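Bear in mind that the values here come from a model prediction, so they are computed numbers and not experimental data. First listed ligand is number 1; within each ligand, the first listed atom is number 1. Basis for what follows: all heavy atoms, side chains included, without hydrogens, waters or symmetry-related copies.
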Amino acid sequence: MPIKKSMGTSAEPLLNVAVLISGRGSNFIALHQALHRRSIPARICCVISSKAQAGGLTYAREHNVPVHVLSQQALREEARLAEELLDCLNRHQADLVVLAGFLKKVPPAVVSAYEHRMINIHPALLPAFGGKGMYGRHVHEAVLAYGCKVSGATVHLVTNEYDAGAPILQQCVPVLDDDTPETLAARVLEVEHQLLPKAVELFARGRIVIKGRNVRIQPMDQS
Ligand code: GRF
């Protein structure tokens, strides 16, 4: 499905991006800052959080980004979660949904409503070190325990299976001999903060073409 675009105040169409978080929100903040700094034709239309205390919410409120905290009922019941997410995404006319450290499983009804328009950032090179339970520190511990020489970050399409959608962008970082989960996480996070805005920019500029599991990036329009 082609991405619907709403008109911004400038001549350029703006992509409405909803960001879903559960914690610190550093990827949301990096994205928000990059959209402004690099004049990417996209805006964050809302931040949806599964936790009222998520760190990113303070930043969102300070920058007038609409915030929605999911209700306790939505966190308990899948049907209610789907309803609340879809209601919020529709209300804010979201074109693209970005999962940035969102720890709830997105209900299938929402995944299918946003098929090819929902992306996630994962702190490893998928398909390695992904799947249920592979989040935060667990990922980096597993990479170190395996003895990997490289790790990295992946931005991928969201499907109903954890971390299994087609990759859009991936970038490596070295694993150093004296790495701890913390030092490796920090090196990967730096890359995440570059990769996620890049992916959103590609959507905003209509450069993503999805053919089955292959996500192609169209060359820049030279005209
Ligand atoms: C990131 O490492 C991201 O890859 C993963 O969750 C973490 C979220 O970090 N999905 P932050 O909340 O964006 O700082």
Side-chain angles (χ1 to χ4, degrees), residues 17-37 42 44 46-63 65 67-70 75 85 96-106 110-111 114 118-144 148 150-175 179-201 203:
V17 182
V19 185
L20 275 56
I21 65 171
S22 293
R24 186 174 54 179
S26 73
N27 276 289
F28 150 60
I29 296 168
L31 176 62
H32 185 264
Q33 291 174 346
L35 294 184
H36 289 276
R37 202 175 48 242
I44 298 182
C46 64
V47 173
I48 301 177
S49 176
S50 62
K51 293 207 180 108
Q53 309 308 330
L57 294 183
T58 309
Y59 176 95
R61 292 189 176 107
E62 281 168 7
H63 291 80
V65 178
V67 163
H68 177 85
V69 177
L70 292 166
L75 298 178
L85 284 173
L96 180 72
V97 178
V98 172
L99 309 185
F102 186 62
L103 294 177
K104 284 294 292 177
K105 181 116 168 54
V106 179
V110 185
V111 173
Y114 279 85
M118 187 183 295
I119 64 177
N120 179 48
I121 177 124
H122 184 77
L125 296 173
L126 292 173
F129 307 108
K132 196 167 165 38
M134 273 293 173
Y135 62 89
R137 188 189 164 89
H138 304 298
V139 177
H140 307 294
E141 279 172 351
V143 169
L144 292 176
C148 291
V150 291
S151 188
T154 303
V155 178
H156 64 93
L157 293 171
V158 173
T159 62
N160 287 319
E161 213 182 312
Y162 277 115
D163 300 326
I168 300 166
L169 293 174
Q170 294 190 292
Q171 193 173 320
C172 294
V173 301
V175 175
D179 262 336
T180 62
E182 288 73 27
T183 58
L184 180 57
R187 194 173 310 116
V188 171
L189 193 64
E190 238 177 82
V191 164
E192 292 184 45
H193 291 170
Q194 309 294 322
L195 217 56
L196 186 60
K198 244 188 233 172
V200 170
E201 179 169 20
F203 275 95

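When hydrogens are left out, the protein atom nearest atom 6 (O) of ligand 1 is Gly101 CA, 3.4 Å; that is the closest non-hydrogen contact. Looking only at heavy atoms of the protein, atom 11 (P) of ligand 1 is closest to Ser26 N, 3.4 Å. Protein heavy atom closest to atom 3 (C) of ligand 1, with residue, atom name and distance, is Glu192 OE1, 3.1 Å. For atom 12 (O) of ligand 1, the closest non-hydrogen atom on the protein side is Gly25 N, 2.8 Å. Scanning the protein for heavy atoms near atom 10 (N) of ligand 1, the closest one is Ile121 O, 2.8 Å.
Side chain of Ser49 to backbone of Ala54: no donor-acceptor contact under 3.5 angstrom is found. Under the 3.5 Å distance criterion, the side-chain polar atoms of Arg187 are matched with a main-chain donor or acceptor of Pro174. Under a 3.5 Å cut-off, the side chain of Thr154 and the backbone N or O of Ala124 do form a donor-acceptor pair.
Between Tyr135 and His138, the ring planes lie perpendicular to each other; the angle is over 60°, past the 30° to 60° tilted range.
Comparing heavy-atom distances from atom 9 (O) of ligand 1 across Arg137, Arg24, Met134 singles out Arg24 as nearest.
Under the side-chain contact (heavy atoms from CB on, under 4.5 Å) test applied with Tyr114, the options Leu157, Ile119, Val97, Val158 reduce to a single match, Val97.
For ligand 1, none of its N or O atoms has an N or O atom of Asn120 under 3.5 Å away. Considering backbone and side-chain N/O of Phe28, none are found under 3.5 Å from N/O of ligand 1.
Contact check for Leu189 versus Arg24: side-chain heavy atoms found under the 4.5 Å cut-off.
In summary, the side chains of Ser151 and His140 do not present any donor paired with an acceptor at a separation below 3.5 Å, with no hydrogens or angles considered.
With ligand atoms numbered from 1 in the order given, ligand 1 contributes 4 (O) to contacts under 4.0 Å with heavy atoms of His122.
Not a single heavy atom of Ile21 lies less than 4.0 angstrom from ligand 1.
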